[in-house]
Amino acid sequence: MKKFVLPILLAMTFSAVSCVSAAAPTVLPLWPEGVPGKKDIGPEQHGKGSIQNTSNPTLTLVGPAVDRANGTAIIVAPGGGYVRQSVDREGTQYANWLSTLGVTTFVLNYRMQEFGHPAPLQDVLRAVRLLRSRAAEFGIDPNRIGVMGSSAGGHLAASAGTLFDHPAGRTGADLDKVSARPDFLVLMYPVIAMDSAAAHSGSRKALLGENPSPELVQLMSVNHQVTPKTPPTLLIHTQADATVPVENSILFYQALTKNKVLAEMYLFEQGSHGMGMRDGLANASYWPRRAEEWLRARGLLTLAKPAQ
């Protein structure tokens with residue numbers, strides 16, 4: 001009987017969010033006053049569930065399922081090596097699942113290789129600041145804003161959790177005064193290291209360029225940037241990941257533990273890189289259950305009082 005549990009759960013999930021998916025999405029510009037370092041790189045490109053060539057970063061709102069809103073918000077950063085974003089598999093799909101848990105989700109479309117560092121960092125920190133400053137409007141708790149990311153999106157989420165006070169993440173806008181520290185992180189098979197054999201060379205090149213300085217490589221190897229102020233973190237990775245080695249998550253977990261940051265990590269045997277929410281990957285296919293348990297244990301799925 002057990003083998004039928006996950007398909008049934010997934011069917012229930014997509015049924016519960018059908019009313020959300022049917023509505024036209026609300027898309028929020030991150031930089032209505034003008035994108036920092038604006039470049040003319042041509043139109044944004046869409047195809048096969050992905051986005052490329054982003055120059056106008058946005059947040060796409062996926063609201064909580066009817067009668068389930070709990071006040072928690074999660075910014076979701078899809079992966080794609082800072083070259084593209086797997087928005088269907090690692091953005092919208094996650095948002096629809098989170099909707100069933102009562103979470104208000106915002107899928108982040110961030111700048112990538114065409115801009116390089118620090119543009120993606122500025123985008124994710126701007127997203128946190130924007131939601132925190134408008135928490136009452138969205139019916140969310142300003143102290144329950146998390147960032148979830150996969151692969152390179154996981155690197156971006158981890159960057160938000162470690163570099164939220166870094167000068168490179170500010171642009172001089174008034175909104176810089178609002179805290180950009182996420183309240184929690186969910187990292188799916190994340191890129192973490194840029195300075196070791198575990199590094200994903202494609203992500204490093206796209207974000208940092210062909211010949212980055214040793215100082216920049218060290219800065220963006222975010223396991224080195226963990227402090228006691230890094231938020232509680234859930235890490236999910238697989239031993240079978242041949243693209244972003246599991247050592248990335250292990251390095252980040254070790255840094256979190258060294259700094260006494262509350263953290264939990266699930267390392268599964270099966271599951272290739274970019275597995276998303278696929279069925280048929282043994283225990284790895286049940287990671288959404290483990291994530292839900294972690295969120296619930298942290299009180300993030302219980303009703304919060306919206307900001308006034």
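Since we're looking at a predicted model, the values are computed, not measured.
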Applying side chain to side chain contact (heavy atoms under 4.5 Å, CB included) to L108 and T58, what does each step give before you reach the verdict? CA-CA 6 Å; L108 175 64; T58 60; over 6 Å; no

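In summary, K38 and E33 do not engage in a salt bridge, as defined by a charged side-chain N under 4.0 Å from a carboxylate O. A salt bridge links K205 to E210: at least one charged side-chain nitrogen sits closer than 4.0 Å to a carboxylate oxygen. R170 and D165 are joined by a salt bridge, as a carboxylate oxygen and a charged side-chain nitrogen come within less than 4.0 angstrom of each other. A salt bridge links R290 to E293: one of the charged nitrogens lies within less than 4.0 Å of a carboxylate oxygen.
Under the side-chain contact (heavy atoms from CB on, under 4.5 Å) rule, S159 has a single partner from V222, V124, V191, which is V222. Of the options Y189, W97, W294, a ring pair (Phe, Tyr, Trp, His ring centres under 6.0 Å) to W287 is made by W97 and by none of the others. None of L235, N223, N248 except one satisfies the side-chain contact (heavy atoms from CB on, under 4.5 Å) rule with Y253; the exception is L235. Among R132, R144, R298, the one residue that satisfies the salt bridge (Lys or Arg N to Asp or Glu O under 4.0 Å) test with D183 is R132.
In this structure, the separation between OG on S99 and CZ on R68 is 8.0 Å, given to the nearest 0.5 Å. To the nearest 0.5 angstrom, D195 atom CG is 11.0 Å from L219 atom CG. Between the CD1 atom in I51 and the NE2 atom in H46 there is a gap of 5.0 Å [rounded to 0.5 Å]. To the nearest 0.5 Å, the span separating CE on M194 from CG on L207 amounts to 5.0 Å. If you take OG1 on T257 and CZ on F252, they are separated by 11.0 Å, rounding to the nearest 0.5 Å.
N109 and Q85 form a side-chain donor-acceptor contact under 3.5 Å, judged by distance and modelled atom types alone. Counting only N and O atoms by type, the side chains of N56 and W31 include no donor and acceptor under 3.5 Å apart. Residues Q122 and R111 have side chains that bring a donor and an acceptor to within less than 3.5 angstrom of each other.
Residues forming a side chain to side chain donor-acceptor pair (under 3.5 Å) with E264 (at least two apart in sequence, or on another chain): Y266. For N259, there are no side chain to side chain donor-acceptor pair (under 3.5 Å) partners two or more places apart in sequence or in a different chain.
Proximity of I192 to E247: side-chain heavy atoms (C-beta onward) are nowhere separated by under 4.5 Å. Between V35 and S55 there is no side-chain heavy-atom pair separated by less than 4.5 Å. In this structure, the side chains of M112 and T54 come closer than 4.5 Å at one or more pairs of heavy atoms. Counting heavy atoms from C-beta outward, V246 and D241 have side chains that stay 4.5 Å or more apart. At a threshold of 4.5 Å between non-hydrogen side-chain atoms, the residues V147 and V128 count as touching. Looking only at side-chain heavy atoms (C-beta outward), S221 and V217 come within less than 4.5 Å of each other. A heavy-atom distance below 4.5 Å is not found between the side chains of L98 and V62. For the pair L59 and V27, the minimum side-chain heavy-atom distance is 4.5 Å or more.
Within the 3.5 Å criterion, the main-chain N or O of P43 finds a donor-acceptor partner in the side chain of N53.
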Atom pairs and distances, donor-acceptor, side-chain atoms in residues 148-155, under 3.5 Å, two or more places apart:
| unit_1 | atom_1 | unit_2 | atom_2 | d |
| --- | --- | --- | --- | --- |
| S151 | OG | H273 | NE2 | 2.8 |
| H155 | ND1 | Y82 | OH | 2.8 |
| H155 | NE2 | M220 | O | 2.7 |

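Under the 4.5 Å side-chain heavy-atom criterion for Ile, Leu, Val, Met, Phe, Trp and Tyr, I236 and L251 are members of distinct hydrophobic clusters.
Closest non-hydrogen pair, P231 versus R181, comes out as CA-NH2, 3.4 Å. The two residues T171 and P36 make their nearest non-hydrogen contact at CG2-CG, 3.7 Å. Of all the heavy atoms in L256 and A263, the pair that sits closest is CD1-CB, 3.7 Å. Here the closest non-hydrogen pair linking P182 and A160 is CD-O, 3.3 Å. Between S133 and V178, the closest heavy-atom pair is CB-CG2, 4.3 Å. Considering every non-hydrogen atom in both P64 and T104, the closest pair reads CD-OG1, 3.3 Å.
Side-chain rings of Y286 and F268 stay apart, their centers remaining 6.0 Å or farther from each other.
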